[in-house]
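Reminder, nothing fancy here: chain letters follow the sequence lines and each chain counts from 1.
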There are 2 protein chains.
Amino acid sequence: MPRPPRISRPAVLDEALRTLDEEGIEALSMRRLAQRLGVTSPSLYKYVRDREGVFEAVVDAIVQEINEGWSPTGSWRAELDGMARRYFRTFRRHPHAVPLVMHRPTRNQRSLDSFDTVLNVLTAAGWPVRNAARAVLLTESYALGATLTAVSPGVPLTSEDLASRPTLAAALIGEHSTFRLTEEDFEHGLKLVLDGIARELAPERSPLEH
Amino acid sequence: MPRPPRISRPAVLDEALRTLDEEGIEALSMRRLAQRLGVTSPSLYKYVRDREGVFEAVVDAIVQEINEGWSPTGSWRAELDGMARRYFRTFRRHPHAVPLVMHRPTRNQRSLDSFDTVLNVLTAAGWPVRNAARAVLLTESYALGATLTAVSPGVPLTSEDLASRPTLAAALIGEHSTFRLTEEDFEHGLKLVLDGIARELAPERSPLEH
DNA sequence: ACCTGAACACCGTTCAAGT
DNA sequence: ACCTGAACACCGTTCAAGT
């Protein structure tokens with residue numbers, strides 16, 4: 001007498017992302033995940049290959065969220081700017097996903113599509129393809145690093161920590177008590193990087209654009 | 001009849017870093033580490049608090065290696081440039097340490113010292129302390145992100161992957177088959193970031209420097 | 001077809017016991 | 001003082017068994 005399945009692959013993966021967000025990567029175990037779904041751990045293997053398969057699927061969901069609602073505009077600067085902001089926004093929402101993506105980097109089928117799309121915008125705007133690739137990789141590097149520096153749980157600095165480091169202490173006056181990138185820092189850095197890319201990697205602009 | 005100890009804290013931590021480099025973070029378990037030291041796992045607890053304590057010590061060793069042989073020069077540009085290059089070089093040597101440092105960031109006593117030192121060089125050169133802090137954080141962000149993008153084990157791209165992404169394929173002509181930052185890209189990006197910092201964050205230079 | 005219980009080989013950590 | 005064996009509560013994964 002066949003009964004309807006109690007769980008499904010989407011249900012498993014949704015719960016996996018929720019578990020990651022709520023309890024962190026340590027809690028994202030097969031047994032804990034099964035428990036949250038009201039089932040025993042072996043039954044998960046009907047829907048995912050193994051624990052690594054769960055991780056891959058979660059990374060894929062993150063990449064999907066990064067690209068959510070995005071459609072290319074045709075302007076190289078808007079494209080790179082948007083890419084960096086989407087990275088930052090998404091990892092702010094899922095800070096526990098940062099270490100996950102780090103040694104299982106965002107290089108899956110879905111992310112290849114988005115790279116191709118961005119590269120397309122740049123080459124269509126007249127960029128040599130090598131320059132376009134470098135611009136994308138530089139922007140991604142900055143976005144990832146800034147996200148990391150902003151999101152990672154910095155150790156709070158005690159007053160003893162600061163007592164022997166006067167310049168560091170001065171830098172933190174009126175700031176949060178951890179030495180950490182803010183959203184304003186991120187914005188400023190992004191402008192700085194894109195200005196640099198415009199200067200060093202963009203093709204010569206036509207007179208009309210001046 | 002007291003015998004000499006078979007192991008020591010330095011021996012444990014050395015072996016921990018070696019294990020990380022050779023077998024990856026998964027293999028850095030208390031039991032495996034003990035086995036490599038020719039001892040059983042409970043005896044490790046005489047030398048480290050717990051597994052997290054091992055991780056902290058390894059991160060500290062990495063931070064130490066980042067700063068190895070460094071003495072400040074007095075030039076802000078040399079300082080930031082050197083900092084970024086040391087990050088890059090060190091994580092190239094210890095790629096498995098990347099995810100470790102990522103959610104247990106390089107923010108310990110030793111790293112606070114180096115931040116204070118770099119900030120000192122900048123403020124001594126006349127930088128407002130807020131500008132100095134932002135410059136350091138931006139350089140760190142870029143260095144971390146670039147290191148990550150260069151070091152992370154990118155999935156090799158099959159010819160089918162490339163068939164439907166023509167621009168991505170073109171970007172990889174004559175390159176390695178993964179979409180990944182090279183050392184040349186890193187150098188170029190670093191120049192670009194430091195030029196931006198010079199333009200946007202450095203104090204007005206005195207006429208003599210022109 | 002889907003789920004469970006039992007089993008196996010792991011893991012971190014504690015603690016009493018050995019020398 | 002230092003190390004071990006046994007134990008406990010976990011973990012991923014397989015497989016035969018239940019419905």
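Positionally, the nearest nucleotide of DNA chain C for Y47(A) lies more toward the 5' end than for the other of R31(A) and Y47(A).
Base pairing of dG12(C): its partner is dC8(D), meeting the Watson-Crick or G-U wobble criterion (both donor-acceptor distances under 3.5 Å). Shown here, dA17(C) forms no base pair; nothing in the strands shown gives a Watson-Crick or G-U wobble contact with both key distances under 3.5 Å. Remark: dC3(D) base-pairs with no nucleotide in the shown strands. Criterion, Watson-Crick or G-U wobble with two distances under 3.5 Å.
Atom CG of L33(A) and atom P of dT13(D) are 12 Å apart (whole Å). One can place CZ of R51(B) at 9 Å from P of dC11(C), the figure rounded to the nearest angstrom. We find that CG of L44(B) is positioned 16 Å from C1' of dC15(C), with the value rounded to whole Å. In this structure, F55(B) places its CZ atom 11 Å from C1' of dG12(C), rounding to the nearest Å. Atom OH in Y45(A) sits roughly 17 Å away from atom C1' in dA16(D) (whole-Å rounding). In this structure, L37(A) places its CG atom 10 Å from P of dC3(C), rounding to the nearest Å. Summarising the geometry, the separation between CE on M30(A) and P on dG12(D) is reported as 7 Å, rounded to the nearest angstrom. Here the P atom of nucleotide dC11(C) and the CD atom of E26(A) are 16 Å apart, to the nearest Å.
Not one N or O on the side chain of R165(B) forms a donor-acceptor pair closer than 3.5 Å with the backbone of D116(A). No donor-acceptor pair under 3.5 Å is formed between the side chain of Y142(A) and the backbone N or O of A84(A).
For the pair T40(A) and dT4(C), the criterion of a side-chain N or O lying under 4.0 Å from OP1 or OP2 is met.
The residue P5(A) sits close only to the backbone: its heavy atoms come under 4.0 Å of sugar-phosphate atoms, none of a base. At a threshold of 4.0 angstrom between heavy atoms, the contacts of S43(B) include nucleobase atoms, whether or not backbone atoms are also involved.
Closest contact between the side chain of P42(A) and the listed nucleotides dA6(C), dT13(C), dC11(D) involves dA6(C). Among the nucleotides dC11(D), dC2(C), dT13(C), the one closest to the side chain of K46(A) is dC2(C).
Looking at heavy atoms from C-beta onward, H94(B) lies in side-chain contact with T90(B) at the 4.5 angstrom threshold. Side-chain contact check for F91(B) versus L144(B): some heavy-atom pair is nearer than 4.5 Å.
Using a cutoff of 4.0 Å between basic side-chain nitrogens and carboxylate oxygens, D14(B) and R18(B) are not scored as salt-bridged.
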